[in-house]
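None of these values were measured; they are calculated from a predicted model.
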Amino acid sequence: QVQLVESGGGLVQPGGSLRLSCAASGTIFSLDVMGWYRQAPGRQRELVATITSSGSTVYLDSVKGRFTISRDNAKNTAYLQMNSLKPEDTAVYLCYIYTTGRGYWGQGTQVTVSS
């Protein structure tokens, strides 16, 4: 059984920073893609950032230059450094992994950006 443990969410003022982490455990032979989606009330879920096992990254246009995704393959852990946060970044951030033909979702962590 694969488990995802997310951490790092919280309340931050505009312009502040947060660092999210997502650690995968269980029977994992090939962790192909790791990343985060986010969802705010009344809005569609959107892809924030992903990173492949080889280090290739994809970002939502609105977070480019502010967010950086990375991973530690030895620990099966991904990190999302979020800088210059804006109120519109407020959402539940959901870790996602894709491994050997199957995707898994984390429980999500709340990020609130407010003054």
Side-chain angles (χ1 to χ4, degrees):
Q1 181 66 36
V2 174
Q3 290 186 325
L4 301 179
V5 179
E6 300 185 55
S7 64
L11 174 65
V12 66
Q13 292 186 336
S17 298
L18 288 172
R19 184 175 184 251
L20 306 184
S21 66
C22 179
S25 62
T27 305
I28 301 172
F29 297 100
S30 181
L31 191 47
D32 301 312
V33 181
M34 304 186 74
W36 276 266
Y37 286 72
R38 69 185 183 188
Q39 187 159 25
R43 302 181 65 180
Q44 286 192 312
R45 184 175 297 178
E46 59 186 356
L47 179 67
V48 179
T50 62
I51 184 167
T52 69
S53 58
S54 63
S56 298
T57 58
V58 174
Y59 294 95
L60 181 67
D61 284 344
S62 62
V63 309
K64 288 180 179 177
R66 299 189 296 120
F67 292 10
T68 302
I69 190 169
S70 61
R71 63 188 285 167
D72 184 335
N73 291 330
K75 298 180 179 179
N76 286 338
T77 300
Y79 305 93
L80 185 67
Q81 180 66 46
M82 304 186 294
N83 298 325
S84 302
L85 284 162
K86 305 174 181 179
E88 51 263 44
D89 294 318
T90 296
V92 174
Y93 284 69
L94 297 154
C95 180
Y96 175 84
I97 68 168
Y98 190 82
T99 175
T100 60
R102 184 175 178 180
Y104 297 88
W105 292 96
Q107 295 185 64
T109 184
Q110 178 70 47
V111 171
T112 302
V113 185
S114 177
S115 59

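- In this structure, Tyr104 shares a hydrophobic cluster with Val2, Leu4, Val12, Leu18, Leu20, Ile28, Leu31, Met34, Trp36, Val48, Ile51, Tyr59, Leu60, Val63, Phe67, Ile69, Leu80, Met82, Leu85, Tyr93, Ile97, Val111, Val113, the cluster being traced through Ile, Leu, Val, Met, Phe, Trp and Tyr side chains under 4.5 angstrom apart.
- The nearest pair of heavy atoms linking Gln81 to Ser17 is NE2-CB, 4.0 Å.
- The line from OG1 of Thr57 to CZ of Arg71 is 12.0 Å long, rounded to the nearest 0.5 Å.
- Of all non-hydrogen atoms in Ala40 and Ala91, the two that sit nearest each other are N-CB, 4.1 Å.
- Minimum heavy-atom separation, Ser21 to Tyr79: CB-CD2, 3.8 Å.
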Candidate pair Ser53 and Asp32, rule side chain to side chain donor-acceptor pair (under 3.5 Å), full reasoning: CA-CA 5 Å; Ser53 58; Asp32 301 312; 4.9 Å; no
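- Here salt bridge (Lys or Arg N to Asp or Glu O under 4.0 Å) pairs that include residues 84-99, with residues two or more places apart or in two chains, are Arg38-Asp89, Arg66-Asp89.
- Using a 3.5 Å distance cut-off with no hydrogens or angles, the side chains of Thr52 and Ser54 do pair a donor with an acceptor.
- Note: Gln110 CD to Thr90 OG1 = 7.0 Å, rounded to the nearest 0.5 Å.
- Rounded to the nearest 0.5 angstrom, Trp105 CH2 and Arg45 CZ are separated by 4.5 Å.
- No donor-acceptor distance shorter than 3.5 angstrom exists from the side chain of Gln39 to the backbone of Val92, with no hydrogens or angles considered.
- One distance of note links CD of Gln3 with OG1 of Thr27; it measures 11.0 Å at 0.5 Å rounding.
- Within 6.0 Å of atom CD in Gln107, 12 or fewer heavy atoms from other residues, nucleotides or ligands are found, so the atom counts as exposed in its surroundings.
- Judged by distance alone, with hydrogens and angles left aside, the side-chain atoms of Ser30 form no donor-acceptor pair with the main-chain N or O of Thr99 at under 3.5 Å.
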